[in-house]
Amino acid sequence: MTSSHDGLPETAQGPASESEPFDLFERWYGEAESSELNDPNAMAIATADANGLPDVRMVLLKHRDTRGFVFFTNTESAKGREIAENGQASGVLHWKSLRRQVRFRGPVEQVTPEESDAYFTSRARDSRIGAWASRQSSALPARKVLEDAVQAETARFEGRDVPRPAHWAGYRIRPIYLEFWSDRPFRLHDRLVFTRMTPRGAWEHGRLYP
């Protein structure tokens, strides 16, 4: 089987190894880290509320492996509440410099407390303070209310470590669908897809019309 300049097999149909789509993601991600001016880990995450109304926002991909794609947030935020309501999400990373994107979707799980603690500890102290001060997605009467909350939390934790709030955690999207999209002339784009029935199932792969 030959490969294109994007690292995609020229022909793809049938079973794939457990790691194959993630190996391809790592190759693309490594190239994006070298070519993107800002935030190669920026991704749009879409969730839906109990009525099925979709909601999308930009977050940062903070960890990835064969289990899935991880981001961190306030669990009481809009996306946290929506994940609690239907337990599914989708995401996309778009690398304009490479004219590529990767799409994925699947069920969502919270990462372990140890994983959340490890990432929270790696954040800048002011960002950790902010996680305590912000009631994410709640109505904010005035900017000064937030600034006062930051000052209060800064004083509260002065001279000691800032622990992870109980309402702040990581979420892992366990993909059952992964699509690698590459720009081609005349909008005849290349779309290689990997699908499976469950997050522990076997991958099948094939191509879609652009």
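This one's a predicted model, so the numbers in the text were calculated from it and none came from an experiment.
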**Prompt:** Taking only residues two or more places apart in sequence, or in another chain, which ones meet Y29 in a ring pair (Phe, Tyr, Trp, His ring centres under 6.0 Å)?
**Reply:** F25
**Transitive ILVMFWY side-chain link I129 to V145, under 4.5 Å** = yes
**Request:** Using modelled atom types only, decide if a donor and an acceptor are shared between the side chain of S122 and the backbone of Y119 within a distance under 3.5 Å.
**Result:** yes
**Asked** Going from OG1 on T66 to CG on D23, what distance comes out if it is rounded to the nearest 0.5 angstrom?
**Response** 9.5 Å
**Prompt:** Are there more than 12 heavy atoms of other residues, nucleotides or ligands under 6.0 Å from atom CZ of R125?
**Reply:** yes
**Message:** Can you confirm whether T154 sits close enough to Q151 that some side-chain heavy atom of one is under 4.5 Å from a side-chain heavy atom of the other?
**Reply:** no
**Item:** Qualifying residues under salt bridge (charged side-chain N to carboxylate O under 4.0 Å, His left out), relative to R196, sequence neighbours excluded
**Value:** none
**Message:** On a heavy-atom basis, which atom in L146 and which in A133 lie closest, and how many Å separate them?
**Reply:** CD1-O, 4.1 Å
**Asked** Looking at residues at least two apart in the chain, or sitting in another chain, which of them share a ring pair (Phe, Tyr, Trp, His ring centres under 6.0 Å) with F194?
**Response** F180, H205
**Asked** Got a sec, which residues hit side-chain contact (heavy atoms from CB on, under 4.5 Å) with A152, two or more places apart in sequence or on another chain?
**Response** none
**Asked** How far apart are the closest heavy atoms of A169 and T75, and which atoms are they?
**Response** CB-CG2, 3.8 Å
Which side-chain N or O atoms in residues 83-91 pair as donor and acceptor under 3.5 Å with protein atoms at least two apart or in another chain?
unit_1, atom_1, unit_2, atom_2, d
E85, OE1, A50, N, 3.0
N86, OD1, Q88, N, 3.1
N86, ND2, A48, O, 2.9

**Prompt:** Under a 4.5 Å cut-off applied to non-hydrogen side-chain atoms, are S182 and W28 in contact?
**Reply:** yes
**Asked** Would you say W181 and H189 make side-chain contact, with heavy atoms under 4.5 Å?
**Response** yes
**Prompt:** If you round to the nearest 0.5 Å, how far is CZ of F104 from CD of E179?
**Reply:** 12.5 Å
**Request:** Would you please name every residue forming a ring pair (Phe, Tyr, Trp, His ring centres under 6.0 Å) with Y171, sequence neighbours left out?
**Result:** F71
**Request:** Give the minimum heavy-atom separation between I176 and P199, together with the two atoms involved.
**Result:** CG2-N, 3.7 Å
**Request:** Kindly state each residue pair satisfying salt bridge (Lys or Arg N to Asp or Glu O under 4.0 Å) with at least one member in residues 58-78, sequence neighbours excluded.
**Result:** E26-R64, D65-R67, R67-E115
**Asked** Taking the side chain from S116 and the backbone from G170, do they hold a donor-acceptor pair closer than 3.5 Å?
**Response** yes
**Prompt:** Taking NZ, NE, NH1 and NH2 as the nitrogens, is one of them in E153 or R156 under 4.0 Å from a carboxylate oxygen of the other?
**Reply:** yes
**Fill in**
Interatomic distance, NE2@H94 vs CZ@R100, rounded to 0.5 Å, equals 11.5 Å
**Prompt:** What is the distance from atom CG of N74 to atom CD of Q136, rounded to the nearest 0.5 Å?
**Reply:** 5.0 Å
**Fill in**
For D148, the salt bridge (charged side-chain N to carboxylate O under 4.0 Å, His left out) test, sequence neighbours excluded, returns K144
**Request:** Taking the side chain as every heavy atom from C-beta outward, state whether I173 and I45 have any atom pair closer than 4.5 Å.
**Result:** yes
**Prompt:** Counting distance only, does the side-chain N/O of S134 pair as donor-acceptor with the main-chain N or O of G130 below 3.5 Å?
**Reply:** no
**Asked** Do the side chains of V59 and K79 get nearer than 4.5 Å, heavy atoms only?
**Response** yes
**Item:** Cluster check V102, W203: I/L/V/M/F/W/Y, side chain < 4.5 angstrom
**Value:** yes
**Message:** In the structure I gave you, are the side-chain heavy atoms of L24 and L178 within less than 4.5 Å of one another anywhere?
**Reply:** no
**Item:** Of all pairs that satisfy salt bridge (Lys or Arg N to Asp or Glu O under 4.0 Å), the ones with a partner from residues 158-171, not counting sequence neighbours
**Value:** D117-R164, R128-D161
**Message:** Which heavy atom of G206 sits nearest to which heavy atom of L192, and what is that distance?
**Reply:** O-CD1, 3.3 Å
**Message:** Tell me whether M58 at atom CE has more than 12 heavy atoms from other residues, nucleotides or ligands lying less than 6.0 Å away.
**Reply:** yes
**Prompt:** To the nearest 0.5 Å, how far apart are CD in E82 and CG in N51?
**Reply:** 10.5 Å
**Message:** Taking the side chain as everything from C-beta on, heavy atoms only, tell me whether F22 gets closer than 4.5 Å to P175.
**Reply:** yes
**Item:** Check: S97 main-chain N/O paired with E36 side-chain donor or acceptor under 3.5 Å
**Value:** yes
**Prompt:** When hydrophobic residues are tied together by side-chain contacts of less than 4.5 Å, even through go-betweens, does V111 share a cluster with W168?
**Reply:** yes
**Message:** Return the CD to CZ distance between Q101 and R191, rounded to the nearest 0.5 Å.
**Reply:** 8.5 Å
**Asked** Which pairs count as ring pair (Phe, Tyr, Trp, His ring centres under 6.0 Å) when at least one residue sits in residues 121-167, sequence neighbours excluded?
**Response** W132-F157
**Message:** Suppose the criterion is salt bridge (Lys or Arg N to Asp or Glu O under 4.0 Å): which pairs have a residue in residues 44-55, not counting sequence neighbours?
**Reply:** D55-R57
**Fill in**
Note: with side-chain heavy atoms under 4.5 Å as the link, the other cluster members for L208 come out as Y177, V193
**Message:** Looking at every non-hydrogen atom in both residues, tell me the closest pair between A131 and R123 and how far apart they are.
**Reply:** CB-NH1, 4.1 Å
